[in-house]
Novice: 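One structure coming up, written as structure tokens, with questions to follow.
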2 protein chains.
Amino acid sequence: MKKQEIIELCVEIVDKDGFLNLSVKTIADKLGIKPPSIYKHFPGGLGEIKDALMTYGWQRIDTKIARSAVGKAGENGLKAMCYALREFAHEHPGVFETVCWHNSYTSEQDQEMTKGVIASLYAVLNSLEFSDVQKMHVLRTLRGYVEGFAMLELHGSFGDKVSLDESFSYGVDALISGIMNGGEKICG
Amino acid sequence: MKKQEIIELCVEIVDKDGFLNLSVKTIADKLGIKPPSIYKHFPGGLGEIKDALMTYGWQRIDTKIARSAVGKAGENGLKAMCYALREFAHEHPGVFETVCWHNSYTSEQDQEMTKGVIASLYAVLNSLEFSDVQKMHVLRTLRGYVEGFAMLELHGSFGDKVSLDESFSYGVDALISGIMNGGEKICG
DNA sequence: GCCATTAAACTAATAACATTAGCAAGGAGG
DNA sequence: CCTCCTTGCTAATGTTATTAGTTTAATGGC
């Protein structure tokens with residue numbers, strides 16, 4: 001039983017029952033072993049497992065986002081990446097919860113881990129005419145919107161009378177259009 | 001010792017040490033009593049306390065957001081509310097964490113509680129020419145952006161080379177401009 | 001084939017926490 | 001003065017994370 005396999009079982013646990021249900025006990029049950037045996041694989045205990053799951057999550061997100069923008073530049077690349085990140089949140093709600101949440105307790109490392117994702121985003125941003133500072137603004141803005149929207153919809157905070165897909169598209173379009181127009185008003 | 005006073009001590013705990021540090025023990029310590037005594041005030045235990053804290057948080061947010069938009073219509077009202085919500089997150093990081101996160105486990109009630117905030121936002125949206133569906137899109141988009149941005153900055157996920165205030169303004173401007181222009185590109 | 005090492009499981013024990021049950025002090029109102 | 005309600009307490013239970021020490025089975029060198 002390799003670390004990687006255990007982490008993949010953790011993915012199943014959190015995607016099915018939520019991040020709060022990830023405990024030494026639930027993992028041990030899923031593995032068919034007793035809780036203390038977990039410590040042979042992860043001496044750092046639950047904390048180390050959560051860290052590993054977060055890292056694994058970021059890697060998956062990185063891969064998915066990078067692929068989504070292959071062959072796309074500028075505006076279209078940015079949109080594709082936004083959609084890809086939300087899609088990941090739907091496919092792996094528990095992992096998404098983990099990367100959103102667990103990072104509050106290891107924030108130094110977090111920046112290292114998001115570098116992969118940021119690198120992909122930067123590659124697309126480089127196809128546009130933005131200053132370095134502007135690129136950072138764009139990146140933070142998009143990340144804030146997509147992670148915030150996905151978090152809220154996963155938590156059921158939005159109701160469902162109006163289509164969530166349409167709301168998301170609306171927001172992405174508004175955001176990208178606002179960014180491309182440099183925040184100016186439409187002519188006159 | 002009234003319920004309300006206990007909740008206000010909980011606000012101090014979470015704002016100082018984070019939502020994860022809110023336990024029956026930490027509350028009892030702060031009150032100078034033993035853990036079991038807490039159950040005389042909140043028979044539902046920690047869950048009831050967290051629910052009460054979330055409700056209290058939403059009330060405070062509602063008040064702050066509603067006040068921020070007094071005398072402002074349309075675009076300016078929307079911007080003021082975005083800034084007010086982020087400001088609340090800075091003033092009460094723990095409470096903000098609570099309303100963002102704890103709702104995952106009581107999502108039915110959550111929609112009830114956010115109605116106050118939504119009512120204020122709707123009042124401002126009514127000063128614009130949007131359809132009901134569009135209003136809902138705008139509301140979700142703004143909430144997603146502001147909650148997401150605030151959550152990420154509170155978790156230290158953004159680094160600090162570039163000013164967070166500037167990034168936030170940039171995003172709000174882009175978003176509002178995109179919304180007001182109906183997602184269209186600038187002339188020609 | 002045999003022994004030593006190591007990996008990976010186990011049981012037993014400890015500590016922290018939430019929670020329940022039952023008891024006790026003190027004040028409010030008759 | 002007695003009663004009840006509030007609000008505290010201690011004692012006990014159950015769950016979880018974790019550590020220590022033991023055992024079992026496989027692996028690698030001889």
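Letters A, B, ... mirror the listed sequences (proteins, then strands); counts begin at 1.
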Novice: I need the CG-C1' distance between B:D29 and C:dC17, as an integer number of Å.
Specialist: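 Rounding to the nearest Å, CG of B:D29 and C1' of C:dC17 are 12 Å apart.
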
Novice: Quick one, which residues of residues 41-49 of chain B touch DNA chain C with a heavy atom under 4.0 Å?
Specialist: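 Contacts with DNA chain C under 4.0 Å: B:G45, B:L46.
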
Novice: Without swapping roles, check the side chain of A:N126 against the backbone of A:Y122 for a donor-acceptor pair under 3.5 Å.
Specialist: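 Looks like yes, one N/O pair under 3.5 Å.
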
Novice: Expressed as a whole number of angstroms, how long is the span from B:K25:NZ to C:dC17:P?
Specialist: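 Rounded to whole Å, this separation is 6 Å.
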
Novice: Which angle, to the nearest 10 degrees, lies between the helix axes at the two ends of the helix from C:dG1-D:dC30 to C:dG30-D:dC1, each defined by five pairs?
Specialist: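 It works out to 0° between the end axes.
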
Novice: What is the distance, rounded to the nearest whole Å, between atom CD1 of B:I38 and atom C1' of C:dT20?
Specialist: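 So the two atoms are 15 Å apart, to the nearest Å.
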
Novice: When you check the gap from the basic side-chain N to the acidic O, do A:E48 and A:K3 get nearer than 4.0 Å?
Specialist: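 Looking at A:E48 and A:K3, the cut-off is met.
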
Novice: Residues in side-chain contact (heavy atoms from CB on, under 4.5 Å) with B:L9, at least two apart?
Specialist: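 In terms of side-chain contact (heavy atoms from CB on, under 4.5 Å), with neighbours along the sequence ignored, B:L9 is linked to B:E12, B:K30, B:L31.
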
Novice: Take atom NZ of A:K34 and atom C1' of D:dA17, then tell me their distance rounded to the nearest Å.
Specialist: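 It is 16 Å, rounded to the nearest whole Å.
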
Novice: So, do B:F168 and B:Y145 have ring centers that fall under 6.0 Å from each other?
Specialist: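 Judged by ring-centre distance (under 6.0 Å), B:F168 and B:Y145 do meet the cut-off.
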
Novice: For B:V124 and B:M81, what are the C-alpha separation, side-chain angles and deciding distance, and is it a side chain to side chain contact (heavy atoms under 4.5 Å, CB included)?
Specialist: CA-CA 9 Å; B:V124 168; B:M81 288 172 133; 3.8 Å; yes

Novice: Say whether, by atom type as modelled, one donor and one acceptor occur between the side chain of A:S167 and the main chain of A:L164 under 3.5 angstrom.
Specialist: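 No, A:S167 side chain to A:L164 backbone: no donor-acceptor pair under 3.5 Å.
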
Novice: Quickly work out the A:I27 CD1 to C:dA8 P distance and round it to whole Å.
Specialist: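 About 17 Å, once rounded to whole Å.
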
Novice: Kindly say whether A:G178 contributes a backbone atom to a donor-acceptor pair with the side chain of B:N181 at under 3.5 angstrom?
Specialist: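 Judged by distance alone, no pair lies under 3.5 Å.
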
Novice: Before giving the answer on side chain to side chain contact (heavy atoms under 4.5 Å, CB included), spell out for A:V162 and B:H137 the whole-Å C-alpha distance, their side-chain angles and the decisive distance to 0.1 Å.
Specialist: CA-CA 8 Å; A:V162 174; B:H137 291 333; 3.4 Å; yes

Novice: Rounded to whole angstrom units, what separation is found between the CD1 atom of B:I33 and the P atom of D:dT6?
Specialist: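 Atom-to-atom, B:I33 to D:dT6, this comes out as 16 Å.
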
Novice: Measuring from the side chain of B:P36 (C-beta onward, heavy atoms only), which nucleotide among D:dT10, D:dT18, C:dA18 has the closest atom?
Specialist: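 Selected nucleotide (nearest to the side chain): D:dT10.
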
Novice: Could you state the CG-P distance from B:L22 to C:dA16, rounded to the nearest angstrom?
Specialist: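 Atom-to-atom, B:L22 to C:dA16, this comes out as 19 Å.
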
Novice: Quick one: label B:S37 by what it contacts on the DNA or RNA (base, sugar-phosphate, nothing), any heavy atom closer than 4.0 Å.
Specialist: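 Base contact.
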
Novice: Looking across every strand, which nucleic acid part, if any, lies under 4.0 Å from A:K40 by heavy atom: base, sugar-phosphate, or nothing?
Specialist: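 Touches a base.
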
Novice: Do you see a donor-acceptor pair shorter than 3.5 Å between the side chains of B:Q4 and B:Y56?
Specialist: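 No, no side-chain donor-acceptor pair sits under 3.5 Å.
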
Novice: Rounded to the nearest Å, what distance is computed from the OH atom of residue B:Y39 to the P atom of nucleotide D:dA12?
Specialist: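 Computing the B:Y39:OH to D:dA12:P distance gives 18 Å.
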
